[in-house]
Amino acid sequence: MEYNFVEIEKKWQAYWADNKTFEVKSDNSKPKYYVLDMFPYPSGAGLHVGHPLGYIASDIYSRYKRLKGFNVLHPMGYDAFGLPAEQYAIQTGQHPEVTTVNNIARYREQMDRIGFSYDWSREVRTCDPKYYKWTQWAFLEMFNHWYNNDTQKAEPIDLLISRFEKEGNGLVNAACSNQKIFSAAEWKSFSEADKSEILMQYRIAYQGETAVNWCPQLGTVLANDEVKEGFSVRGGFPVEQKKMKQWQLRVSAYAERLLADLEPLEWTDSLKDMQRNWIGKSQGAEMIFKVSNGDTEYDMTIFTTRADTIFGVTFMVLAPESEWVDKLTTPQQREAVDNYLLMAKKKTERERMAETRKVTGVFSGSYAINPLTGENVPVWISEYVLAGYGTGAIMAVPAHDSRDYAFAKCFNLPIIPLIEGCDISTESFDAKDGIMCNSGFLNGMSVKEAIPAAIDYVEAKGIGKRKINYRLRDAIFSRQRYWGEPFPIYYKDGIPTAMSESELPLELPEVDKFLPTESGEPPLARAENWEYNGFPIEKSTMPGFAGSSAYYLRYMDPHNDSALVSREADEYWRNVDLYIGGTEHATGHLIYSRFWNKFLYDCGYVCEQEPFKKLINQGMIQGRSNFVYRIKNTNTFVSYGLKDSYDTTEIHVNVNIVNNDRLDIEAFKAWMPDFANAEFILEDGEYICGYAVEKMSKSMFNVVNPDRICDNYGADTLRMYEMFLGPLEQSKPWDTKGIDGVHRFLRKLWRLYFQGDDFSISDEKASPAELKVLHKLIGKAQTDIENFSFNTTVSAFMIAVNELYDLKCNKREILEPLVIVLSPLAPHIAEELWSLLGHKESVAFASFPQYIEAYTIEDSFEYPVSFNGKMRFKITLSKSMSVKEVEAAVLADANTSKYLQGASVRKVIVVPSKIINIVC
RNA sequence: GCUCAGGUGGUGGAAUAGGUAGACACGCAGGACUUAAAAUCCUGUGGGCAGCAAUGUCCGUACGGGUUCGAUUCCCGUCCCGAGCACCA
């Protein structure tokens with residue numbers, strides 16, 4: 001009987017759905033295991049073969065863990081709010097919800113065909129009010145909490161208010177935007193509006209004015225991770241810096257915990273490094289410099305990591321946006337400075353990037369006094385100093401900082417070397433290495449000694465203190481967009497006020513158009529009665545990462561109306577044991593989720609500090625584009641090998657009408673009307689296409705749909721082939737060249753059970769050789785699956801089946817465990833064989849380990865023996881021999897071996913289970 | 001510039017507490033079955049040299065060194081590709 005994958009797959013997918021095979025409940029009798037995929041944004045293009053790569057891997061692991069006796073939570077859902085559906089809505093007038101629901105239906109259909117073992121009863125959609133109720137709830141919790149640096153956790157805002165009433169804010173050590181000191185009496189005298197404004201500086205979700213990434217084409221602000229190289233990640237539009245009042249999350253308060261808790265996580269080093277870089281901790285010191293514009297003297301604070309270089313400071317630099325600029329610009333320099341600021345302001349972010357190494361700057365007219373040498377140094381203003389980091393002002397040490405060096409060279413400022421023997425004639429000496437000179441009391445110390453010594457000195461003198469800075473900024477949390485969660489905030493006499501949690505969800509209102517209003521307000525301003533007891537409601541919506549920050553918690557208890565997740569469900573499922581997804585979320589979702597989780601932990605809603613214990617980043621599947629070559633000004637196409645003899649244009653051709661780089665000419669003619677009368681110059685009777693590896697996208701006609709593979713080969717072949725392609729973590733182009741090999745394997749496996757058309761197995765006992773094949777496979781499959789090395793798992797099956805073929809095996813004793821071991825990888829064929837073997841239950845209920853114990857293999861092995869590193873002969877040894885006995889046996893054999901020819905044996909090296917080496 | 005990951009046949013890739021490099025698969029070549037095709041099966045397949053042949057022998061894991069009886073694996077240096085960050089003081 002032929003391996004009829006179409007029928008088999010349809011049958012078992014229906015069986016799993018009807019029997020709710022993969023629905024899961026909390027069960028204290030079994031250990032839990034939580035396997036999660038990063039849920040997809042349901043785009044209009046549907047799934048391509050790259051999407052399921054990670055899903056297949058997680059599905060194999062989930063099924064494997066079930067066989068091992070775990071209670072496995074393996075859910076799926078949709079990250080359904082977002083820009084593309086809204087952009088589409090603006091163009092077509094189609095409501096984003098309609099588009100989204102359609103796309104979700106299509107995604108579901110495609111996923112179902114691959115045979116995933118998701119518990120669909122737990123599906124979540126971020127755009128569902130029942131779901132986003134809890135996104136809004138978390139926002140309100142953040143609004144109602146502040147971060148106490150003394151206890152290192154979030155605390156209720158009411159406790160802060162009562163402290164203000166008792167003692168003012170002088171002793172409060174908070175993560176806070178502004179620190180004007182006030183007393184308890186002053187607090188009580190403040191107006192409601194003043195109090196609200198002060199509290200806003202403490203809240204974890206707060207409204208604050210900062211420079212934000214503004215994208216005019218999208219009409220919204222964006223978070224740092226949504227901008228790459230000056231363009232929006234979604235859409236690729238230019239982004240500029242603009243000062244605006246926006247909702248923000250005080251992620252920076254958690255910087256140290258986010259950094260420290262990274263350590264024990266089972267993530268790849270490169271991903272942890274990305275997060276470490278993004279958090280960007282640097283230890284250094286703040287130092288006070290006296291500055292004077294001729295009339296007034298001020299204390300100006302700067303941040304440096306190189307306190308040891310203070311004797312080499314020859315000038316100071318301010319960021320153009322620094323508040324010091326105005327104070328320190330002298331009347332003589334006013335015009336020059338104003339011109340410079342104007343020039344700097346007009347530049348877009350993109351221009352700044354493009355001119356990244358171009359030195360610009362202007363002298364303020366003021367001078368600072370070096371606190372250690374007492375010397376006067378000029379204060380300059382330059383773009384290369386960032387307002388948002390440190391204090392927005394630096395001390396410049398051109399000898400030992402390449403940026404300061406370039407600046408000094410450009411404006412002819414002095415350069416003083418501070419390290420013995422360093423060469424600074426053409427570039428600065430940035431290494432933290434060498435012996436100090438020209439540095440007063442630091443002379444003779446190494447740099448590593450000098451840094452703490454210098455800080456100790458300035459601390460003792462009261463002109464500076466140790467300080468840690470982070471690059472991690474607070475997350476901008478509002479978007480001037482329609483398709484997102486509304487903020488449960490209204491403005492009572494202009495004061496932003498939280499709704500109560502019992503009033504959630506605040507549902508997204510209907511609007512007539514999805515565009516901003518004529519006056520530039522966000523689309524929600526179009527909604528009728530968008531108000532609360534007569535007060536206007538916030539018109540921005542939340543960003544994409546809001547809904548994805550806690551979705552893994554919701555899966556634990558998806559239908560709970562009274563909590564994000566119940567205590568019982570949280571304590572049973574705890575956190576995600578295995579998370580699979582792409583690296584593109586390294587500095588976005590994976591930071592925000594960790595922050596969100598830590599916040600909920602502080603509040604006592606969840607029991608784990610970290611959401612994702614182990615994380616695997618599947619590689620990207622790139623597209624493999626094909627090209628045809630049209631001779632210019634003709635409708636004649638020339639095959640790849642001959643194209644260089646003609647003047648041709650390269651044209652992308654749909655990869656779905658190309659097979660192994662050979663063009664299906666008839667399909668090509670039918671593909672587009674232009675090509676209906678095309679002529680071809682062939683080589684060897686075929687048209688060979690060129691190819692290139694590119695991103696998989698519609699415009700390059702290189703999108704391969706998983707449905708097409710399921711049609712031609714079946715889901716089990718797709719699953720195994722995607723795994724066979726190479727290591728999970730590696731990026732690779734999609735190429736169907738080898739898919740026949742995998743499909744052949746499944747057919748061969750199928751045939752193992754059939755004699756002609758009849759299902760045929762015997763009850764004969766398995767031979768030791770057959771058991772050895774099986775045992776080897778079980779052991780290999782087990783360790784490989786545990787290590788997520790699925791490509792070698794597939795190979796192991798191919799080897800085993802080939803070996804069983806050589807042994808002409810069709811005994812049920814062997815084949816039953818083979819089917820079970822295979823079932824995580826190719827579940828449909830495994831289920832079918834399992835039922836043919838006479839088992840009614842789905843293999844999902846059988847278990848792996850009992851077979852490991854049931855079969856043993858014989859005890860003797862052939863060991864290769866090498867002589868001075870070269871393989872010479874083999875010797876049969878038994879497993880139970882000690883190393884000494886092995887050595888004696890080898891020695892005895894060696895002395896009679898023709899290869900040694902009487903040479904004296906110096907040493908026998910035994911490497912257990914690998915090789916034996918004789919040294920003469 | 002900084003950080004990280006990687007470089008193995010015609011191709012995708014195996015093999016690292018140092019131990020027979022190239023598993024498995026694709027492709028290619030030859031063969032069997034067949035009127036033929038499909039499907040299936042068998043054989044060969046890193047390179048050079050010697051041999052009718054079995055086989056032997058040398059060279060080979062980006063390049064140059066080192067440690068070791070033995071290095072794709074460990075150490076130092078160079079080159080190349082990929083990813084992330086990028087005036088973060």
Side-chain angles (χ1 to χ4, degrees), chain A residues 2 224-225 228-229 268-278 280-282 284 302-307 309 316-317 319 352-353 355-359 382-386 388-397 400-404 406-407 427 430 469-473 583-584 586-587 617 619-620 660 720-721 724-727 729-733 735-745 747-748 751 789 791-802 805 863-874 906-920:
Chain A
E2 267 300 289
N224 282 349
D225 66 285
K228 280 229 159 76
E229 288 166 7
T268 58
D269 288 336
S270 76
L271 199 89
K272 285 189 191 178
D273 259 333
M274 265 190 236
Q275 290 214 342
R276 286 192 196 107
N277 287 341
W278 191 260
K281 179 178 185 171
S282 65
I302 58 94
F303 175 74
T304 182
T305 54
R306 291 293 301 272
T309 59
M316 310 289 285
V317 190
R352 271 201 183 197
M353 297 263 180
E355 300 169 6
T356 192
R357 300 282 160 194
K358 201 169 148 191
V359 180
S382 173
E383 284 181 292
Y384 85 87
V385 175
L386 304 177
Y389 184 78
T391 61
I394 62 157
M395 65 178 211
V397 186
H400 302 291
D401 182 286
S402 55
R403 296 150 303 176
D404 297 345
F407 195 81
E427 57 178 2
D430 291 13
N469 259 328
Y470 299 92
R471 276 179 44 195
L472 185 71
R473 309 288 156 84
T583 23
E584 66 271 22
T587 53
N617 297 115
M620 272 235 301
N660 282 338
M720 288 190 90
Y721 184 60
F724 185 68
L725 222 43
E729 273 118 323
Q730 196 171 297
S731 286
K732 53 230 158 191
D735 192 332
T736 48
K737 258 198 327 204
I739 198 165
D740 289 317
V742 173
H743 191 62
R744 242 169 249 161
F745 158 76
R747 281 207 305 257
K748 194 165 179 176
R751 279 202 314 276
S789 177
N791 53 333
T792 53
T793 316
V794 176
S795 291
F797 273 99
M798 292 179 173
I799 294 168
V801 168
N802 283 339
Y805 251 86
Y863 277 75
V865 177
S866 68
F867 163 52
N868 279 358
K870 296 272 172 189
M871 230 276 283
R872 294 297 166 147
F873 57 93
K874 285 186 174 175
R906 203 173 85 206
K907 202 159 92 183
V908 177
I909 301 165
V910 178
V911 183
S913 83
K914 295 260 174 151
I915 194 167
I916 294 162
N917 192 16
I918 299 169
V919 183
C920 293

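Just so we're on the same page: letters track the sequence lines, and every chain starts at 1.
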Tabulated below should be each protein N or O lying under 3.5 Å from an N or O of nucleotides 9-12 of chain B; please produce it.
from: B:U11; atom 1: O2'; to: A:Lys737; atom 2: NZ; distance (Å): 3.4
from: B:G12; atom 1: O2'; to: A:Leu725; atom 2: O; distance (Å): 2.8

In whole angstrom, give me the gap between the [atom1] atoms of [N] and [M].
{"N": "B:C26", "M": "B:C41", "atom1": "P", "value": "10 Å"}
{"N": "B:G18", "M": "B:G31", "atom1": "C1'", "value": "43 Å"}
{"N": "B:U57", "M": "B:G12", "atom1": "P", "value": "32 Å"}
{"N": "B:C58", "M": "B:G51", "atom1": "C1'", "value": "16 Å"}
{"N": "B:C75", "M": "B:G19", "atom1": "P", "value": "15 Å"}
{"N": "B:G56", "M": "B:C33", "atom1": "P", "value": "33 Å"}
{"N": "B:G70", "M": "B:C81", "atom1": "P", "value": "35 Å"}

Taking a pair as Watson-Crick (N1 to N3 plus N6-O4 or O6-N4) or G-U wobble (N1-O2 and O6-N3), both under 3.5 Å, which stems of 3 or more consecutive pairs involve RNA chain B?
B:1-4 with B:82-85, B:10-12 with B:24-26, B:27-32 with B:40-45, B:46-50 with B:55-59, B:62-66 with B:74-78

Rounding to 0.5 Å, atoms OH (A:Tyr384) and CG (A:Asp404) come to a distance of 3.5 Å

Between [atom2] of [N] and [atom1] of [X], the distance in whole Å:
{"X": "A:Met274", "N": "B:A83", "atom1": "CE", "atom2": "P", "answer": "11 Å"}
{"X": "A:Asn791", "N": "B:A15", "atom1": "CG", "atom2": "P", "answer": "7 Å"}
{"X": "A:Asp740", "N": "B:C24", "atom1": "CG", "atom2": "P", "answer": "19 Å"}
{"X": "A:Met620", "N": "B:A83", "atom1": "CE", "atom2": "P", "answer": "9 Å"}
{"X": "A:Ile799", "N": "B:G13", "atom1": "CD1", "atom2": "C1'", "answer": "13 Å"}
{"X": "A:Trp278", "N": "B:A83", "atom1": "CH2", "atom2": "P", "answer": "17 Å"}
{"X": "A:Asp269", "N": "B:U3", "atom1": "CG", "atom2": "P", "answer": "15 Å"}
{"X": "A:Phe745", "N": "B:C26", "atom1": "CZ", "atom2": "C1'", "answer": "16 Å"}

Hey, which of these two, A:Pro727 or A:Ile739, hits RNA chain B nearer its 5' end, going by closest nucleotide?
A:Pro727

Starting at the 5' end of RNA chain B, which residue's closest nucleotide do you reach first, A:Glu2 or A:Met395?
A:Glu2

Could you pull out all residues at least two apart from A:Arg306 that satisfy side chain to side chain donor-acceptor pair (under 3.5 Å)?
A:Asp308

Can you name the nearest heavy-atom pair linking A:Met720 to A:Phe745, along with the distance?
CE-CE2, 3.7 Å

Report yes if at least one side-chain N or O of A:Ser731 is closer than 4.0 Å to OP1 or OP2 of B:A83; otherwise report no.
no

A:Arg276 side chain near B:C85 phosphate (N/O to OP1/OP2, under 4.0 Å)
no

Is B:G60 in the syn or the anti form, by the rule that syn lies within 90° of 0?
anti

